[in-house]
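First the structure, in the form of structure tokens, and then the observations on it.
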Amino acid sequence: MADDVTLTIDDREVSVPPGTTIFNAARRLGIDIPHLCYDPALGLAPTSSCRLCLVEVEGSGNPVPSCSHPVAPGMIVQTNTPHLRETRRLIIELLLSDHPHDCLTCEKAGACDLQKYAYACGVKESRFASEQVAVAPVQDGPAIVYDRSKCILCGRCVQVCHEVQASRAIDFLGRGFDTCISLPPGQTRDESACAECGNCIDVCPTGALTYAGAEGGGRAWEFEQVRTICPYCGCGCTLVLNIHDGRIVHITGEPGLGVSKGLLCVKGRFGTDFVGHEQRLTEPLIRTGGELVPATWDEALGLVAERLTRIRDTHGPDSIAGLSSAKTTNEENYLMQKFMRAVVGTNNVDHCARLCHASTVVGLARAFGSGAMTNSMDEFELADAIFVIGSNTTECHPIIGAAIKRAVLSGKTTLIVADPRAIELTEFAAVHMQQKGGTDVALANAMMHVILAEGLQDNSFLAERTEGFEDLARAVEPYTPEMAAKITGVPAALIAESACIYAKAEAASIIFSMGITQHTTGTDNVLSLANLAMLTGNIGRPGTGVNPLRGQNNVQGACDLGALPNVYPGYQKVDDEASRQKFQKAWGAKLSPNVGLTVVEMIDAAADGRLKALYVVGENPMLSDPDLNHVEEALKNLDLLVVQDIFLSETAQLADVVLPAASFAEKDGTFTNTERRVQRVRKALDAPGQALPDWQILCDLASRMGYEMHYDHPSAIQDEIASVTPSYGGITYDRLQEGGLQWPCPDREHPGTPYLHKGKFARGLGKFHAVEFIPPREPPDDEYPFVLSTGRVLQHFHTGTMSRRSDVLDTLVSVGTIEIHPDDAARLGIADSETVRVASRRGQIELPARVTERVAPGTLFLAFHYREAPANRLTIAALDPIAKIPELKVCAVRIEPRPAAKS
Amino acid sequence: MSDTSATQDKSAPAPPSEAEIASLLDSLGVSPDSNLIGVLQDVQDQFGYLPPAALGELSRRTRIPLSRIWGVVSFYAQFYTEPRGRHTIRCCRGTACHVKGAGRVLDAVQRELDIQDGEMTEDLMFQLETVACLGTCFLAPAMMIDNQYFGELTPRRVQSILRSFRAEHA
Ligand code: SF4
Ligand code: SF4
Ligand code: SF4
Ligand code: FES
Ligand code: FES
């Protein structure tokens with residue numbers, strides 16, 4: 001490493017690495033040079049357009065912009081001479097010459113850099129006062145307002161949109177006095193590439209870009225700011241809640257803060273107004289005479305305790321099951337499974353991870369010995385190649401999507417996408433393999449065939465780190481690209497090209513999500529990807545790995561803490577005698593040695609009467625689970641259905657007792673994001689009415705059932721977790737104040753683990769599994785000729801309980817549509833936006849069609865967020881035999897114009 | 001010789017079809033390696049302006065974001081995003097020309113072509129603009145068609161210049 005450079009700034013010496021700018025060197029000394037166009041926290045290349053940061057360098061004639069000028073040895077810099085002060089004053093006056101002096105009512109007052117510098121320079125009015133820009137503010141879409149008259153054309157918004165968010169939606173438009181920041185003319189925000197992430201608002205130094213929903217809600221000095229973790233997806237971005245008058249007025253990201261370094265997506269930034277929604281549950285409800293009527297906590301919990309006890313005593317503990325929640329905290333998941341195991345006495349506890357990543361957990365555990373994402377989010381930009389399969393990353397994990405796009409735009413990373421649909425990432429990909437749904441094993445096997453045929457495998461890795469290679473080699477032998485082309489529909493040449501790109505990269509990363517897992521062959525798919533990574537030695541190093549992206553904010557944590565029927569916290573098996581003894585001792589209760597029921601099995605057991613009671617925390621099987629008609633019958637067949645939630649969800653409407661819970665903003669706790677990072681959730685508001693945090697409800701209930709459960713604060717629950725969960729052993733609240741910790745973190749001194757399997761797999765040697773292609777359970781036929789695939793859209797989340805109660809999100813996408821290829825639409829006489837009827841062997845729904853080339857001919861795509869058009873009335877409950885995950889990605893349907901619409 | 005109203009009866013010409021755009025971009029071999037400004041000039045030469053649909057397709061093929069393409073297009077005065085006449089008439093309304101009867105010259109152009117300042121003829125042959133001074137005051141009253149100067153104009157001369165220009169370029 002080159003030696004540090006020593007220079008003098010304002011008569012003080014400082015040493016910095018060569019290449020540092022004067023601006024950043026000055027910061028080391030605590031000198032904050034005025035700046036407008038440069039945002040130090042973003043760390044982007046300076047554009048040096050505002051000139052406010054000029055400094056004098058002894059011996060060089062004119063002042064230089066410090067934001068871009070590098071230091072040199074012996075340099076003598078002055079940052080605050082009378083001449084510089086006059087120059088700055090002049091610049092500010094020029095900027096104010098056509099700027100409305102609106103600070104009295106401007107939303108940005110108090111947080112505006114222009115105001116700050118005008119004050120600092122003592123500028124009262126501009127000598128150059130000219131005509132002010134007379135353009136009214138424009139609000140395009142539900143959230144973002146642009147006021148040209150307050151825009152100083154610093155370009156920060158353009159930079160963040162192009163270089164960080166990588167949506168590249170806005171740019172300077174026009175020239176001279178008419179220049180403004182604009183989407184492509186003629187496009188609405190909705191039609192444009194804009195992802196409505198609002199990151200441009202955060203970086204704007206003036207009031208030119210603002211959030212419409214915050215108008216009149218308060219100004220900088222009035223807000224209380226609370227840092228917490230986003231309640232939506234598994235990225236786990238840090239949100240800054242700006243609170244005033246007991247309400248979240250708006251959410252900001254703080255450049256540099258958290259896993260996303262301040263970047264947020266539309267859901268995290270604009271989608272949390274559900275917290276203050278009028279439909280929040282505020283009191284317990286008990287079904288009386290067919291109606292849900294308000295009750296006290298004492299009545300409601302008394303009733304639940306009594307009936308659960310009675311059912312347990314009459315029918316045995318295994319007649320009761322619990323659904324925990326990937327939305328609640330780690331502490332609450334821990335208590336929920338503890339409640340089911342120690343208080344009720346059954347292992348019948350599961351949660352919605354069954355529906356998304358059960359096959360990941362099983363598959364990766366078999367291959368590597370650990371079921372989690374192997375590497376970290378910020379390593380994607382270190383990869384030379386990224387292979388994205390079955391993940392619509394920019395919509396479902398927007399922050400990771402942006403990282404992938406940045407990696408490609410930087411020129412370092414080559415992207416391969418395998419997806420049955422054309423998704424945003426395909427526009428960035430070197431190769432797009434548009435495989436038929438459910439043919440992933442054939443595709444991966446063919447890639448491995450090519451790698452072996454070309455001799456691109458990593459022989460020393462195979463020899464030292466793996467076992468079972470011969471089985472794999474034999475299995476992939478018949479999968480020539482030509483043979484796989486017939487199965488997958490992907491041209492052989494593309495398969496070969498992808499295989500070579502992946503195998504030749506120094507560091508290659510695999511990213512996958514539900515397109516891989518939600519199949520009857522989900523576990524096989526995951527094993528195939530693990531094979532591919534091991535074959536090329538792409539695991540156990542930065543920028544490599546097999547990276548499942550977890551859907552819910554805390555689905556990783558819910559799994560880690562044992563909300564699964566076969567394992568205790570930390571994946572310690574319930575049928576392992578030593579583990580059972582350990583937990584019996586820790587919890588002071590007798591535990592069942594029998595593996596419990598999974599989500600779909602619970603529904604079946606309820607339908608045939610084996611299951612009598614179901615306790616649901618924050619889940620909504622009435623929309624999320626496959627084959628809804630069956631789910632509804634099953635739930636109605638129960639003796640007792642208890643639902644603990646923040647809204648009266650579709651499932652809660654069927655409940656006997658409904659318990660009002662606190663939302664993420666109303667409690668303390670931790671979430672674990674997709675990269676195994678445990679992060680702190682902080683209470684910012686009081687829960688509405690009598691609603692209580694889930695952990696308090698569970699403690700009260702357990703105590704009423706004769707098991708003393710008491711904690712003063714969630715941190716005490718975390719301490720108990722640490723004592724029984726080796727991978728969380730070193731995690732305590734005081735260590736989580738600044739940023740999170742990635743497990744495994746076995747002790748207090750351990751710094752956490754950014755990537756797994758370094759030097760050695762969790763299970764010792766990595767194990768290859770020979771996997772054969774098996775077609776999806778329900779292929780299309782004459783009667784049901786289309787393949788239906790389900791998934792998500794950027795603006796909504798899961799069953800929409802939260803996102804559809806957000807004004808901004810529901811305005812953005814208020815109706816669900818089913819995507820159909822133009823050729824199919826033309827053949828069937830279906831026009832865009834026209835209502836169609838979609839039917840499978842299990843049910844039918846009606847909704848508008850969206851004619852688009854995003855889907856391949858013969859396939860349809862439907863998001864599952866919408867209660868008025870529930871995708872899961874159509875889906876099939878066919879299960880992966882090992883992981884028990886249902887095949888939500890492939891079922892056969894037919895589609896036709898709605899009969900009424902025909903006449 | 002064509003009449004001003006002969007070719008089309010709608011005032012705005014139909015924008016080029018997707019197929020026309022695609023075949024032009026094919027023939028130009030547009031790819032991520034293309035020089036953007038050069039391609040924009042070629043497209044404008046072909047269609048007389050830059051149809052927004054062509055910019056969209058250009059963005060797709062070059063992988064340059066549409067916002068940036070619009071940024072470039074709107075920065076340079078040479079690019080037009082609305083249809084305009086193929087040949088630009090610039091009538092001078094500077095002081096020297098004004099004194100020598102520029103008003104009558106402009107009237108004559110407008111009458112002959114049946115358009116106002118800033119408009120184009122229906123057959124897309126001419127676009128009419130006025131400018132402050134063409135820098136050829138010794139020719140006053142003066143006008144230009146594309147790069148060609150015409151001076152000491154009278155309404156009658158204007159009429160014959162336009163008619164013969166149209167005949168030559170028909
Ligand atoms: S909201 Fe996001 S995508 Fe849209 S313009 Fe702003 S930064 Fe770009
Ligand atoms: S909108 Fe804000 S960030 Fe963008 S150029 Fe204008 S002042 Fe700068
Ligand atoms: S939804 Fe996901 S990507 Fe969006 S802000 Fe929340 S955690 Fe980040
Ligand atoms: S901050 Fe350096 S030129 Fe604007
Ligand atoms: S005034 Fe007309 S050419 Fe100068």
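Chain A is the first sequence line, chain B the second, and so forth, proteins listed ahead of strands; every chain is numbered from 1.
- At most 12 heavy atoms of other shown residues, nucleotides or ligands fall within 6.0 angstrom of atom CZ in Arg104(B).
- Atom CZ of Arg827(A) sits in a crowded spot, with more than 12 heavy atoms from other residues, nucleotides or ligands closer than 6.0 Å.
- Using non-hydrogen atoms only and a strict 4.5 Å limit, no part of residues 36-48 of chain B faces chain A.
- Looking at Leu183(A), neither its backbone nor its side chain comes within 4.5 Å of chain B, counting heavy atoms on both sides.
- By a heavy-atom distance cut of under 4.5 Å, Val158(A), His162(A) are the residues of residues 154-166 of chain A near chain B, going up by number.
- Options Gly186(A), Ala429(A), Ser182(A), Ser167(A) differ in how many heavy-atom pairs under 4.5 Å they form with chain B, and the most are formed by Ala429(A).
- Here side chain to side chain donor-acceptor pair (under 3.5 Å) pairs that include residues 25-38 of chain B, with residues two or more places apart or in two chains, are Asp26(B)-Arg61(B).
- Proximity to chain A among residues 66-76 of chain B is limited to Leu66(B), Ser67(B), Arg68(B), Trp70(B), Gly71(B), Ser74(B), Phe75(B), Tyr76(B), judged by heavy-atom separations below 4.5 angstrom.
- Sparse packing is recorded around CD of Glu18(B), with 12 or fewer heavy atoms of other residues, nucleotides or ligands lying under 6.0 Å away.
- Ala169(A) touches chain B through its backbone: at least one of N, CA, C or O sits under 4.5 Å from a heavy atom, while the side chain does not.
- Environment of NZ in Lys150(A): crowded, with over 12 heavy atoms of neighbouring residues, nucleotides or ligands closer than 6.0 Å.
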